[in-house]
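Below, all heavy atoms of this structure are taken into account, side chains as well, without hydrogens, waters or symmetry copies. Here the structure is a predicted model, which is why all the values come from computation and not from measurement.
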Amino acid sequence: QVHLVESGGGSVQAGGSLTLSCAASGYDPRASCLAWFRQAPGKDREIVAAIRTQGGYTWYADSVKGRATISQDNAKDTVDLQINGLKPSDTAMYYCAAEAFHCTVVLGKIVNTFAYWGQGTQVTVSS
């Protein structure tokens, strides 16, 4: 059973940085896609970044490209998302998600259907 627990959210001022961490267990490290999503109040959930567990391929949404880094810490069994240069528009609940298949990109978009989700961690960026 895949289990995901997020941590690291909080309140920061614009321009600051945060590292979100997702403690992940129960997934197949040879063939999984782990991702971070976010959902702001009144908006649809959007994928922010994804990483293929086999090979380390990474993908980023345009909204965070150049400011975010997704990485795996195999020693801690976590998937971390660091975002620099935070903007008020980054304010959202951030969720970790996992899919038992490699990350698949079609026309620049991640098309995986993520079956496993964490409870989320709130990020609030003030101007």
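- Under the 4.5 Å side-chain heavy-atom criterion for Ile, Leu, Val, Met, Phe, Trp and Tyr, L107 and V105 are members of distinct hydrophobic clusters.
- By the side chain to side chain donor-acceptor pair (under 3.5 Å) test, D77 pairs with no residue at all, sequence neighbours left out.
- Closest of all the heavy-atom pairs between A24 and L4 is CB-CD2, 3.6 Å.
- By the criterion of side-chain heavy atoms lying less than 4.5 angstrom apart, applied directly or through intervening Ile, Leu, Val, Met, Phe, Trp or Tyr residues, I110 is not grouped with V48; the two fall into different hydrophobic clusters.
- Q72 places a side-chain heavy atom less than 4.5 Å from the side chain of I51.
- Listed by first and then second residue, the salt bridge (Lys or Arg N to Asp or Glu O under 4.0 Å) pairs involving residues 18-37 are D28-R30 (not counting sequence neighbours).
- In this structure S21 satisfies the side chain to side chain donor-acceptor pair (under 3.5 Å) test together with D80, sequence neighbours excluded.
- In this structure, the side chains of Q82 and S71 stay at 4.5 Å or more apart for every pair of heavy atoms.
- For residues 3-13, no pair satisfies side chain to side chain donor-acceptor pair (under 3.5 Å), with sequence neighbours left out.
- Under the side chain to side chain donor-acceptor pair (under 3.5 Å) criterion, S17 pairs with N84, not counting sequence neighbours.
- In this structure, L20 and T121 approach most closely via the heavy-atom pair CD2-CG2, 4.1 Å.
- Taking CD1 of I83 as the start and OG1 of T69 as the end, the distance is 9.5 Å to the nearest 0.5 Å.
- Hydrophobic clustering (ILVMFWY, side-chain heavy atoms < 4.5 Å, transitive): W36 and V2 are in one cluster.
- With sequence neighbours left out, the salt bridge (charged side-chain N to carboxylate O under 4.0 Å, His left out) criterion links D44 to no other residue.
- Applying the ring-ring contact (aromatic ring centres under 6.0 Å, His included) test to pairs two or more places apart or on separate chains, those with a residue in residues 37-65 are F37-F114, F37-W117.
- Sorted by first and then second residue, the side chain to side chain donor-acceptor pair (under 3.5 Å) pairs with a member in residues 97-110 form an empty list; sequence neighbours excluded.
- When all heavy atoms of L81 and A49 are compared, the pair lying nearest together is CD1-CB, 4.0 Å.
- A donor-acceptor pair under 3.5 Å is absent between the side-chain atoms of T78 and the main chain of A23, judged by distance alone.
- Residue pairs that meet the disulfide bond (SG atoms under 2.5 Å apart) test with at least one member in residues 25-84, sequence neighbours left out, are C33-C103.
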May I have the list of side-chain donor-acceptor pairs in residues 90-97 shorter than 3.5 Å, sequence neighbours left out?
| unit_1 | atom_1 | unit_2 | atom_2 | d |
| --- | --- | --- | --- | --- |
| D90 | OD1 | R38 | NH1 | 2.8 |
| D90 | OD1 | R67 | NH2 | 3.0 |
| D90 | OD2 | R67 | NH1 | 2.8 |
| D90 | OD2 | R67 | NH2 | 3.4 |
| D90 | OD2 | K87 | N | 2.8 |
| T91 | OG1 | P88 | O | 2.9 |
| T91 | OG1 | V125 | N | 2.9 |
| T91 | OG1 | V125 | O | 3.4 |
| Y94 | OH | R38 | NH1 | 2.9 |
| Y94 | OH | D90 | O | 2.6 |

